[in-house]
Amino acid sequence: MEAKERQAEQERLDQVRKKLKARIEELEPEVTGLRDQAAEIRRRFWEEVTVNTSSDEEFEETFYTIKQQAAVLSERERRHRLLTQQLKSLNRMLPSPYFGRVDFLEDGLNQSEQIYIGVSSFIDEDGLSFLVYDWRTPIASLYYDHSPGEASYVTPVGQITGTMELKRQYQIQSGQIRNMFDANVTIGDELLQQMLAKGADSQMKSIVSTIQKEQNALIRNDHSRLLIVQGAAGSGKTSAALQRVAYLLYKNRDSLKADQIVLFSPNPIFNSYVSSVLPELGEENMQQTTLQEYLEYWLGSSLRLEDPFDQIEYVLTAQATPNYEARLQGIKYKASEAFLRALQNYAQWLGREGMLFNGIRFRDRDLITAEQMRSQFYSYDPSLRLANRVDLLQKWLLKELSLLERKERRADWVEEELQYLESEQYAEVFTMLHKEREVFDIAEHYAVVNEKKSNKRREDEGDFDFAKREEDLLRQRIVKTSFKPLRQSVRKFSFIDVQGLYAQLFGDEAAYLEKTNETKLPVLWPEICKQTKEKLDRLELFYEDATPYLYLKELIEGVRTNTEIRHVFVDEGQDYSPFQYEYLKKLFPRARMTVLGDFGQAIFTQATKLQGAESPLVLLYGEAETSLICLVRSYRSTREIVEFTKVLLSDESEIAPFERSGPKPLLARLEGGEKRDARMLKDIAAFKAEGFDSIAVITKTAAESRTAFESLRIQGSEALHLITKETVTFEKGVMVIPVYLAKGIEFDAVLIYEASSQAYSRENDRKLLYTACTRAMHRLRLYTTGDWSPFVEALPAYLYEKASY
């Protein structure tokens, strides 16, 4: 840039920052004043209100006084929140008010507009002129989607066309322009190069200044019911999805709140990793959870659920155990559309026969037997849905309990309970009796006016018997308290034997086919049935059984839905089964869904293909309401690492590296574990000396992680962190982590602890090794103490360096 142009830009920046500071100085005392006012109103709230209920008029005046004071307080608090948010936004902008500029000449106008783009909008004192446009505004899409020349953007009132005369990027730090670039189609490589060259952080950062055109399409898509994002490792799909959340909150700020968006993360540590992105953009965080947490919540304490990471540990380490193949077949089948269809057919069969109930017992005797429930259930109109008949049965049970409760008041055990009541219980009943007596006396008083009616009352009711009424009330309270848990259990559908109904599916093959109308079963079905029932007998549930179990439960009891949630985001979407997607669709019937994933990293047995004719996701909402975006360019890793890792996959054509160079991956073969560990520690020290703060030793399994952690510590490294499924925060440093917990996270340097044929040789190990290697941003090293994995051996020699120690 010419010095004159640069000086003009700096002067313009200085003017904007001057106005920002002035607005901050203006807002600070106002925010403080509103905060103090709200605190004072809260403190003196009841001093300003005279409570008087002696007459209807006084009561009404008191009511409106309280309402008026509450409205004043609410207005002060609302304005305080609004101005506090503005103040935070201005302070956030002050060091770097904007990052881009577009000069746009709209068709039909004579003068172009200079549009400066930042993380928030900032308007001049006149209230009309935008000094900075929020990156989420419609006009800002010009910056992301077009190069100089013909350009357009879409507004709520239609498309605006014109000519882009200039597209410029800025790197601004502490109010000084460090770099300026004039860009073409994409956000200029110069700025992106500098951003990507930085070290990995303990938390994901906003990418608004470097959003690419294809990422912008993901962010601003607001017409699809289901948006599927198939993105190569490091393509920025998760980062773009979080910017999408910020965009949705901005565009729909009058109708959408952060707590109406939920993100399903791959693991708890990932929640920590992405937690700062939205606050950095001035938005509240959406709800974040894992599918495991959600399933455990709905299962309650009735069954102990296997962890998905325990499942994958079994798949990766238990090949030599008996019945391993049957478990794998069971995982695949229970995740399939065939099993989903089978459960739907099973529910129809239960509508005709086979329902199982838990009888209601009280003090070691049956009040209502399972057989009585079954008879009542099948007496209802068979054309009614299963869940509707269960609802009718629930109402019948509550009515029966009310009748039985009244009969129970004269039982002998109630007499015994009367002898052991607390004095407080007598006092409560005594108070109630006095109130009843007052009502009785008032009725008698007014009945004197009509002697005939008075005589009739005395004949029908007699005088008020205080002692008898006291005993009746006490008996009533004792039985009501004892029956309360029974009523609660009925309201929770505990009378349905869901566990038995699920277990009933896993009988012999002929019975299963009859109940489900299925025609094909896994080869090892008898062993699958045995494993499932043994687990259920221990009040436990395989992870692959959790969603089908809850799905069947809801087919019977009725679907539990959350209609408040409007957007569901699923990260690492390839690891969810078709069954789980159907369940999420039922849980959130009013929500749009965004699924992010990479089939190249499909390391779980129940993986789902995200695109193509074979993808069950396309059928979830139908093709008309489904959009697919493919992100093929990888920005995380250097060109050398991307070229190395993409060849690990059998289909490498869909991954394109960003032109950022670095050393080739290094393959190191060592004689024995001690030499390998010593070499790794030297390499880690060298990486630290280069300034890399985030270094990962990645293993295949958790068991291998524990072994590696202990071995490396013995060799002399104390500054190691072992990452397990219980780890909930992500921090910088040197960590030892199994590959399935590293998904979605990036590191400056990655060291593959053991890349031997013993560790990675089966075809389903290919994606594990690919996933592990693609975590590296700048440096990648693989180690072995034996023969290399066949996937490594097959790589062309020009893709890596070799070293022997």
Side-chain angles (χ1 to χ4, degrees), residues 233 266-267 269-270 290-292 305-335 524 528 531 535 542-546 572 574-577 597-608 645 648-650 673 696-711 722-727 735-745 750-775 782-792:
N267 51 61
I269 196 173
F270 184 84
T290 64
L291 184 61
Q292 173 77 4
L305 178 60
E306 178 189 43
D307 192 285
F309 305 119
D310 290 337
Q311 184 202 68
I312 196 172
E313 278 290 311
Y314 175 87
V315 171
L316 296 177
T317 63
Q319 293 93 328
T321 60
N323 306 314
Y324 173 79
E325 188 57 37
R327 176 77 194 278
L328 287 192
Q329 288 186 18
I331 293 172
K332 290 178 181 177
Y333 180 68
K334 291 170 183 176
L524 298 175
I528 294 171
Q531 290 178 354
K535 196 79 169 171
F542 285 129
Y543 180 69
E544 62 266 24
D545 283 303
E572 300 298 341
Q574 73 282 346
D575 293 335
Y576 287 66
S577 71
D598 174 18
F599 197 64
Q601 299 177 63
I603 64 175
F604 284 85
T605 308
Q606 73 273 11
T608 296
T645 55
L648 285 172
L649 295 177
S650 53
V697 176
I698 299 184
T699 64
K700 181 180 179 181
T701 66
E704 188 185 15
S705 278
R706 289 189 291 272
T707 301
F709 177 73
E710 294 300 332
S711 181
L722 177 63
I723 306 299
T724 69
K725 64 182 183 181
E726 283 82 24
T727 305
M735 58 201 72
V736 183
I737 183 171
V739 58
Y740 52 79
L741 290 181
K743 294 184 71 173
I745 303 174
V750 166
L751 300 88
I752 307 299
Y753 189 72
E754 184 60 67
S756 65
S757 58
Q758 187 176 358
Y760 301 95
S761 59
R762 299 180 302 165
E763 185 56 34
N764 58 358
D765 292 332
R766 181 191 295 273
K767 291 180 178 179
L768 276 169
L769 184 58
Y770 168 78
T771 302
C773 292
T774 54
R775 302 306 94 201
L782 293 81
Y783 304 81
T784 186
T785 55
D787 294 332
W788 287 107
S789 160
F791 310 123
V792 176

Thr699 and Ile752: CA distance, side-chain angles, deciding distance, side chain to side chain contact (heavy atoms under 4.5 Å, CB included) verdict: CA-CA 6 Å; Thr699 64; Ile752 307 299; over 6 Å; no

task: Find out whether the Lys NZ or Arg CZ of Lys700 is both under 6.0 angstrom from the six-membered ring centre of Tyr740 and within 45° of the ring's axis.
output: no

statement: Heavy-atom nearest pair, Gly600 first then Thr771, reads O-OG1, 4.4 Å

- request: Find out whether Thr727 and Met735 are in side-chain contact, i.e. whether some heavy atom of one side chain is under 4.5 Å from a heavy atom of the other.
  value: no

field: Contact summary for Thr317 and Thr701, nearest pair of heavy atoms
entry: CG2-CG2, 3.6 Å

task: Using a 4.5 Å cut-off on heavy atoms from C-beta on, say whether the side chain of Phe542 contacts that of Leu305.
output: no

Pro738 to Ile723 - nearest heavy-atom pair and separation: CD-O, 3.5 Å

query: How many angstroms lie between CD1 in Ile331 and OG in Ser577, if you round to the nearest 0.5 Å?
result: 11.5 Å

query: Quick one: does Glu313's side chain have a donor or acceptor within less than 3.5 Å of a partner on Ala702's backbone?
result: yes

Worked check of side-chain hydrogen bond (donor to acceptor under 3.5 Å, both in side chains) between Ser756 and Glu754: CA-CA 6 Å; Ser756 65; Glu754 184 60 67; 3.3 Å; yes

field: Spacing of OG1 belonging to Thr645 relative to CZ belonging to Arg775, to within rounding of 0.5 Å
entry: 9.5 Å

query: Any side-chain heavy atom of Tyr753 within less than 4.5 Å of one from Ser711?
result: yes

- prompt: How about Ile528 and Asn323: do any of their side-chain heavy atoms sit closer than 4.5 Å?
  reply: no

message: Using side chain to side chain contact (heavy atoms under 4.5 Å, CB included), reason through Lys334 and Asp545 one step at a time and then give a plain yes or no.
response: CA-CA 7 Å; Lys334 291 170 183 176; Asp545 283 303; 3.1 Å; yes

query: Hey, is the main chain of Ser761 close enough, under 3.5 Å, to the side chain of Asp765 for a donor-acceptor pair?
result: yes

task: Examine the side chains of Thr724 and Glu726 and answer whether a donor and an acceptor come within less than 3.5 Å of each other.
output: yes

- request: Evaluate the salt bridge (charged side-chain N to carboxylate O under 4.0 Å, His left out) criterion for residues Arg327 and Glu544: first the C-alpha distance (whole Å), next the side-chain angles of each, then the deciding distance (0.1 Å), finally the verdict.
  value: CA-CA 10 Å; Arg327 176 77 194 278; Glu544 62 266 24; 2.7 Å; yes

task: Kindly give the heavy-atom pair with the smallest separation between Val750 and Ala772, and that separation in Å.
output: CG1-O, 3.8 Å

task: Could you walk me through whether Lys743 and Asp575 pass the salt bridge (charged side-chain N to carboxylate O under 4.0 Å, His left out) test, one step at a time?
output: CA-CA 11 Å; Lys743 294 184 71 173; Asp575 293 335; 2.4 Å; yes

4.5 Å side-chain heavy-atom contact, Lys767 and Leu649: yes

- line: For Glu572 and Gly744, the nearest pair of non-hydrogen atoms, with its separation, is OE2-N, 3.6 Å

Rounded distance [0.5 Å steps], CD in Glu704 versus CG in Leu316: 10.5 Å

task: Walk me through it: do Val736 and Arg706 pass the test side chain to side chain contact (heavy atoms under 4.5 Å, CB included)?
output: CA-CA 8 Å; Val736 183; Arg706 289 189 291 272; over 6 Å; no

- prompt: Tell me, do Tyr543 and Asp307 make a side-chain contact under 4.5 Å, heavy atoms counted?
  reply: no

Asn267 vs Phe309, side chain to side chain contact (heavy atoms under 4.5 Å, CB included): CA-CA, chis, key distance, verdict: CA-CA 9 Å; Asn267 51 61; Phe309 305 119; 3.7 Å; yes

message: When you compare the side chain of Tyr760 with that of Leu768, does any pair of heavy atoms fall below 4.5 Å?
response: yes

field: Atom of Gln329, atom of Leu524 and distance for their closest heavy-atom approach
entry: OE1-N, 3.0 Å

message: Would you compute the distance between atom OG of Ser705 and atom CG of Leu741 and round it to the nearest 0.5 angstrom?
response: 8.0 Å

- request: Verify the neighbour count for atom NZ of Lys332: are there more than 12 heavy atoms of other residues, nucleotides or ligands below 6.0 Å?
  value: no

field: Gln758, CD: over 12 other non-hydrogen atoms inside 6.0 angstrom
entry: no

message: Less than 4.5 Å apart, side chain to side chain, heavy atoms only: is that true for Asp598 and Tyr770?
response: yes

field: Donor-acceptor contact present, side-chain Tyr314 to main-chain Gln319, <3.5 Å
entry: no

